[in-house]
Every structure is written in C-alpha cells, then in structure tokens.
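Positions are given from 1 along the sequence.
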Amino acid sequence: MRIIIINGSPRKSGVTASILHNMEQELKARGAEVEFYDLSDQNISQCQGCCACYKKGFCHIKDDAEKISERIRKADGLILGSPTYASNVSGYMKKMIDRGHFVIEQLLTGKYCVTVATGENYGSKETSMILNNLVLYSGGRLTSKFVINVPFNSLRDLSVGLKAADKLYDSIRKKRRYPLQAISHKIIFSFGIRPFVLKKGDLYKGVRDRWNENNIFVS
C-alpha cells in the first residue's frame with residue numbers, strides 16, 4: 001500500500017506539517033509505504049495555460065510537478081494538506097493543483113483521499129471545500145476531511161488526524177465503496193468533463209490516452 005502526503009505549507013514545522021507528519025507516522029506504523037512531499041522544497045513552475053499537456057499527455061515543463069503527479073498516479077492513497085491564505089489554499093498548493101493533471105485527466109480515479117485544511121480565522125472552510133472538490137472532481141474517494149482552526153503555531157493535540165489516517169488505511173485495505181460520491185462524480189464526469197474533452201478531438205488526445213490507461217469510458 002503506497003500513500004502520498006503533500007504539505008502545501010511553506011512551514012515545515014507548523015500546524016499543517018505537524019498534523020501531516022503525525023498521520024505519516026500512524027500509517028507507517030500500520031505497514032503502509034508513505035512518501036511525504038513538502039511543496040516548498042519542490043521545483044514547480046507556474047502553469048502557462050498552453051494546454052499542451054492535454055494533447056501530449058505530459059507537460060513540456062520538466063520539473064517536480066510531473067514527478068509528483070506520476071507518484072500520485074501509482075499510489076493507492078493521497079493526503080492533501082494546506083493552510084488557509086486569503087480564504088484559499090496556499091500558493092504552493094495552487095501551483096501543484098494547476099500543474100498536477102488532476103481534474104481533466106482524472107488522476108485520482110480509484111484512489112482514497114484525505115484533505116486537511118488549517119487556519120486561524122475565517123476562510124479555512126473554503127480551503128477545505130477547494131481540496132474536497134479537487135478530490136471528487138478528479139475521481140477520488142474522499143474518506144475523511146477535516147478543518148483545524150487554532151491560533152498561529154499553537155497546536156498541542158498531535159492526535160488530530162489519527163482517526164482519519166486509520167480510516168484511510170482501512171478503506172484502502174477493504175476497498176470500501178462510497179456510493180454517494182460515485183454518483184456525484186458520475187454526473188460531473190458524464191455531463192461536464194467527458195463531453196467537453198470529446199468535443200476537443202485530437203487536441204485532447206493525451207487526456208483520452210490517460211483515461212484508457214485508467215479504464216475510464218471514453219467513446
């Protein structure tokens with residue numbers, strides 16, 4: 001079992017990172033193989049909006065975004081954590097979302113996911129919603145989602161997230177189904193994403209190739 005954890009905070013010992021590392025240790029203790037990525041350490045350029053990846057299946061920018069996206073594609077589970085900046089995810093997380101081949105390519109098909117949003121004031125619920133929608137729109141199965149609002153750098157209860165880590169592990173092991181999420185995703189994909197991609201023809205050939213790799217219905 002392979003699980004990817006992505007820390008979208010620029011701070012490696014802050015609230016977000018502490019929660020994620022605690023989840024990492026719990027998952028490792030249960031036997032999972034875990035890869036932890038601090039996005040602040042990664043070389044990830046801004047998306048240029050050229051849409052070349054939709055035709056080719058990969059981005060022409062050769063940096064760590066492609067590497068992490070490929071590791072996610074081969075994983076069983078994903079944990080996304082971000083602090084709240086201006087009622088949104090961090091800039092680091094936003095760059096990864098823009099470059100990560102998530103929604104159109106359906107990167108998270110069949111993968112089990114957890115989202116973690118942290119904050120001190122208003123806006124953390126919006127951050128959580130952004131991460132949750134990313135998972136659901138990308139074909140993932142959201143096993144847990146939680147928001148932590150605490151004063152800056154003052155988290156004391158490091159047990160936060162352990163239940164979510166255990167539930168993620170058990171969901172992967174037991175291949176749990178989330179029927180309501182599946183129905184919601186089917187509507188989004190069938191009436192929004194799929195017809196849009198098919199209408200683009202060869203301009204989105206790379207997307208259709210990705211779908212075929214993941215056994216997603218194309219034609």
Visitor: Using only atom types and a distance under 3.5 Å, with no angle test, would you say the side chain of Lys167 pairs donor to acceptor with the backbone of Thr143?
Guide: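 Such a contact is found between Lys167 side chain and Thr143 backbone.
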Visitor: Is any side-chain heavy atom of Ile188 closer than 4.5 Å to one of Leu136?
Guide: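 Side-chain contact under 4.5 Å: no.
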Visitor: Does the side chain of Lys163 come within less than 4.5 Å of Phe146's, by heavy atoms?
Guide: no
Visitor: Between Cys113 and Leu168, what is the shortest heavy-atom contact and its length?
Guide: N-CD1, 3.9 Å
Visitor: I'd like to know if the side chain of Glu126 and the backbone of Val89 have a donor-acceptor N/O pair within less than 3.5 Å.
Guide: no
Visitor: Determine whether a donor-acceptor pair (N or O, by modelled atom type, separation under 3.5 Å) exists between the side chain of Ser69 and the backbone of Ala65.
Guide: no
Visitor: Answer yes or no: is there a side-chain heavy-atom contact under 4.5 Å between Arg73 and Glu105?
Guide: no
Visitor: Check the pair Thr84 / Ser124 against side chain to side chain donor-acceptor pair (under 3.5 Å), numbers first and verdict last.
Guide: CA-CA 5 Å; Thr84 298; Ser124 50; 4.8 Å; no
Visitor: Any donor and acceptor pair, going by atom type alone, linking the side chain of Arg208 with main-chain N or O of Gly201 inside 3.5 Å?
Guide: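 Indeed, once roles are kept as given, a pair shorter than 3.5 Å links the two residues.
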Visitor: Please check: side-chain N/O of Asp76 versus main-chain N/O of Arg2, any donor-acceptor pairing under 3.5 Å?
Guide: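 Side chain of Asp76 to backbone of Arg2: a pair is present.
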Visitor: Check Asp38, Asp41, Asn7 against Lys12 for a side chain to side chain donor-acceptor pair (under 3.5 Å) and give me the one that passes.
Guide: Asp41
Visitor: Any non-hydrogen side-chain atom of Lys55 less than 4.5 Å from a side-chain atom of Lys200?
Guide: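 Side chain of Lys55 against side chain of Lys200, heavy atoms only: no contact under 4.5 Å found.
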Visitor: Heavy-atom distance under 4.5 Å between the side chains of Asp170 and Arg176, does that happen here?
Guide: yes
Visitor: Linking I/L/V/M/F/W/Y whenever their side-chain heavy atoms sit closer than 4.5 Å, directly or via other members, would Ile216 and Leu134 fall into one cluster?
Guide: yes
Visitor: Short question: side chain of Tyr54, backbone of Val197 - any donor-acceptor pair under 3.5 Å?
Guide: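 Side chain of Tyr54 to backbone of Val197, a donor-acceptor pair under 3.5 Å: no, none is there.
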Visitor: Quick one: does any side-chain atom of Lys62 pair with a main-chain N or O of Cys59 as donor and acceptor, under 3.5 Å?
Guide: yes
Visitor: Is a donor on one side and an acceptor on the other found under 3.5 Å between the side chain of Ser82 and the backbone of Ser90?
Guide: yes
Visitor: Closer than 3.5 angstrom, by distance alone: can the side chain of Lys111 be matched with the main-chain N or O of Ala75 as a donor-acceptor pair?
Guide: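 Yes, the answer is positive, given that a donor and an acceptor are paired below the 3.5 Å cut-off.
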Visitor: For the residue pair His21 and Phe36, categorise the inter-ring angle as parallel (less than 30°), tilted (30 to 60°) or perpendicular (more than 60°).
Guide: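 Geometry flag for Phe36 against His21: parallel rings.
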Visitor: Can you check whether Glu66 reaches Arg99 side chain to side chain, under 4.5 Å on heavy atoms?
Guide: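 Glu66 vs Arg99: side chains touch.
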Visitor: Please confirm whether the backbone N or O of Cys47 pairs with a side-chain atom of Asp98, one donor and one acceptor, at under 3.5 Å?
Guide: no
Visitor: Could you go through Thr118 and Thr16, starting from their C-alpha distance and side-chain angles, then the distance that decides it, and tell me whether this counts as side chain to side chain donor-acceptor pair (under 3.5 Å)?
Guide: CA-CA 6 Å; Thr118 64; Thr16 308; 2.7 Å; yes
Visitor: Please report the closest heavy-atom contact between Ile104 and Trp211, naming both atoms and the distance.
Guide: O-NE1, 3.0 Å
Visitor: May I ask you to test the Glu35-Arg71 pair for a side-chain heavy-atom distance under 4.5 Å?
Guide: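 Yes, side chains in contact.
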